[in-house]
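Here's the structure we're looking at; comments come further down.
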2 protein chains.
Amino acid sequence: MATIRDVAKRAGVSVATVSRVLNQNGYVNEETERRVRQAMKELNYKPNEVARALFKKTSKTVGLIVPDITNPFFPELVRAVEDVMNIYDYTVILCNSDEKVEKEREYIEVLKQKYVDGVILTTNQFAPEEVEEWDVPIVVLDRPLHERYPSVVADNYEGARLATRHLYEVGCRRIAHIQGPNHVVNAMERFRGYQDEMRALGLGDRQLVIQGNYQLKQAKEAVMAALAEHDMDGIFAGNDAMAVGALKAVQQCGLRVPDDIAIIGYDGIPLTEMTTPELSTVSQPIYEMGAMAARILIKQIEGKPLEKLHYQLPVQLVVRQSTSRRGLT
Amino acid sequence: MATIRDVAKRAGVSVATVSRVLNQNGYVNEETERRVRQAMKELNYKPNEVARALFKKTSKTVGLIVPDITNPFFPELVRAVEDVMNIYDYTVILCNSDEKVEKEREYIEVLKQKYVDGVILTTNQFAPEEVEEWDVPIVVLDRPLHERYPSVVADNYEGARLATRHLYEVGCRRIAHIQGPNHVVNAMERFRGYQDEMRALGLGDRQLVIQGNYQLKQAKEAVMAALAEHDMDGIFAGNDAMAVGALKAVQQCGLRVPDDIAIIGYDGIPLTEMTTPELSTVSQPIYEMGAMAARILIKQIEGKPLEKLHYQLPVQLVVRQSTSRRGLT
DNA sequence: ATACTATGTGTAACCGGTTACACATAGACA
DNA sequence: TGTCTATGTGTAACCGGTTACACATAGTAT
């Protein structure tokens, strides 16, 4: 690997001049620049990003901490972040935290040691004082952390109301909600949306909440248990994976979807189009959320002002077979 | 951020001594070491990995190039790589190539500039001479690149034979194969397995090949078209996504799975358990493949000898509802 | 003619680690 | 007593970039 000194020697100039050509700053004579570029080409010179990072304290690298890439909600988010970062010449270090604060903390430490320029994280588990101490630009994604920190989230509350109302409009009166883990803010917001909409529909005293943890298997079992005890004709699942679990449970009990029980999920992941019947869902603009978080982080890194600190993107009701009953809707 | 010189000053020693404590090499007096560690703790000192990387030409970072994290086959693979790398204190830079050689080449260049210690890649599109020039340890995953380079793949050929034979045993005689893209080696191996098994079953002249590209939508349409023209009672799809596409197409034509047409996929991604009926598939040990590739890369990086250069992992037939007919199997 | 500014280039310190080499001391062995 | 080895520590160069500062020249305004 050729170094800047090799290039300088070959072009008959000093390293400072080569560096100026490289960074397009300072004065460089046209003819000199030509010679330098020629030398670079001949030596196939590529600047060493590590040396550059050491001096500039910036590495053109960002960290992305997600709970688990294996959870089908995240690949698209990750992809979006990677795409945008790539455009601006940043690379992305991927970290899976399994929702464990301790792992998140460790990753932050490692990322800082590598001089990452910023971090996007999907968590709501940190105290703002701790984040402050990290002293690295961050953007939180999918889950609001604290008003101090820029965030990109979807409108969970409104989405939950939409879903609940949709079930009502399709004829459901005994609407159950499968709730996500209660340490996750967006799950709580969706729950709140369900509660408020139920009250607004005059079904406040007919609420039925099933505890889930955003996972298919656990949701399936919880729904099986609930079906044995309670009567219901509609299920609003806190995410799509749990909606699939509910679908399986309902079918396994010999009931028909949507005729006996209508089901709607949340997130809008591709999976929802693959089941039979296809699942209705409240779709979040996943790619757009990731892309926006990336753009905001870059703005922060480059010291540009943010127009807004908190972005809340709209969600959209997607009606498919799992809630399409008897000509209704 | 405290530097090694700050620590040295506080402990009343030279930077060399601090470095020795840090790296546990050279002689250091016990009492001195105690003082140094004390100073580190007081200053909350964390060594700067960038400075270290510059000198050592090694960064405790590896690159992972996959076609598209959004493709449901890859998240588990990526997760496995990340998990193992994490254990050995490496971090992972994730790159999506969209199967484009040009993007792969660019990523390699960027990764090298960052002094990554090695790269895991999922491609079969490079000439060995080019890879040679990169001069960075690599391991290829899922698709063999060249005998020169360590690889971890599953037994695609045998898996395809298993799937085909299974359809036969379940009563199918007109077995179609949805083929993956022909620039992807594993797709071709599966195709070859299908051909050979069909011949071995005495169905050599009953082969029906549908061209797919590993994507659900395209496969669905191709199967729709094929159903209109040909008669078939079994479909072996080159991957699970296409199997779902086939399932949709068959159901949409008013035919029953598995009674009219049995379907089996390939890969064993979680999605196969979410459809109705659940899909039979040939399951690859995805996590294990990723983990093994990571371990091999680390061995290479650390200059340890590899017992074997090429690992071919066994696959497993997973029978579910989509091929369970009339009490057979 | 003088002062000032814009242009162009080189030297060397610096970023924060690592390590070759020099040097010092103490105990062991002949 | 002299030599050798093991132990312990510091100085300074080095990794490969960036940039403050110095210096030189030419053109321009006064």
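Chain letters run A, B, ... following the sequence lines, proteins first and then strands; every chain starts at 1. This is a predicted model, so every value here is computed, not measured.
- A salt bridge between A:E82 and B:K103 is absent, with no side-chain N of the basic residue lying under 4.0 Å from a carboxylate O of the acidic one.
- Of the side-chain N and O atoms in B:T32, none sit less than 4.0 angstrom from OP1 or OP2 of D:dG8.
- A salt bridge between A:K100 and A:E102 is absent, with no side-chain N of the basic residue lying under 4.0 Å from a carboxylate O of the acidic one.
- The A:A16 side chain lies nearest to C:dT11 when the options are C:dT11, D:dG16, D:dA6.
- One interatomic measurement links the two molecules: CG of B:N25 to C1' of C:dA20, which rounds to 13 Å at whole-angstrom precision.
- The nearest whole Å value for the distance from the CZ atom in B:R5 to the C1' atom in C:dG17 is 7 Å.
- Ion pairing of B:E33 with B:R20 is absent here, as no side-chain N (NZ or NE/NH1/NH2) approaches a carboxylate O to less than 4.0 Å.
- Going from atom CD of B:E49 over to atom C1' of C:dC15 covers 15 Å, rounded to whole Å.
- Distance, A:F55 CZ to D:dC14 P: 19 Å, rounded to whole Å.
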Inset, instruction - Go through A:L111 and A:V119 one step at a time and tell me if the side-chain contact (heavy atoms from CB on, under 4.5 Å) criterion holds. - result: CA-CA 8 Å; A:L111 292 172; A:V119 177; 4.0 Å; yes

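- Within the structure, a side-chain polar atom (N or O) of A:R52 is placed less than 4.0 Å from OP1 or OP2 of D:dT18.
- Atoms NZ (A:K9) and P (D:dG16) sit 13 Å apart, rounded to a whole Å.
- Backbone-only contact: A:V13 has heavy atoms under 4.0 Å from sugar-phosphate atoms and none from a base.
- Taking side-chain N and O atoms only, A:T17 has no distance below 4.0 Å to OP1 or OP2 of C:dG8.
- The salt bridge (charged side-chain N to carboxylate O under 4.0 Å, His left out) pairs that include a residue from residues 106-124 of chain B number zero, where partners must be two or more places apart or lie in different chains.
- At a cut-off of 3.5 Å, with distance as the only test, no side-chain donor of A:N96 or A:Y107 sits close to an acceptor on the other residue.
- In this model, no side-chain donor or acceptor of A:R20 finds a partner on the base of C:dG8 within 3.5 Å.
- Listed candidates were D:dG16, D:dG10, D:dG8. Nearest to the side chain of B:N29 is D:dG8.
- In this structure, OH of A:Y27 is placed 17 Å from P of D:dC21, rounded to the nearest angstrom.
- Here B:S19 reaches the OP1 or OP2 of C:dT18: one of its side-chain N or O atoms lies under 4.0 Å away.
- Comparing C:dG17, D:dT9, C:dG8 by their nearest atom to the side chain of B:Y45 picks out C:dG17.
- Considering only the side chain of A:I4, D:dT18 comes nearest among C:dG17, D:dT19, D:dT18.
- Note: CD (A:E33) to P (C:dG8) measures 11 Å, nearest angstrom.
- For A:T3 and D:dG16, the shortest distance from a side-chain N or O to OP1 or OP2 is not below 4.0 Å.
- Taking the side chain of A:K56 as heavy atoms from C-beta on, and the options D:dT19, C:dG10, C:dT18, the nearest nucleotide is D:dT19.
- Put simply, CG on B:L54 is 11 Å from P on C:dT18, counting in whole angstrom units.
- In the set D:dG10, C:dT18, C:dG8, the nucleotide with an atom closest to the side chain of B:N23 is C:dT18.
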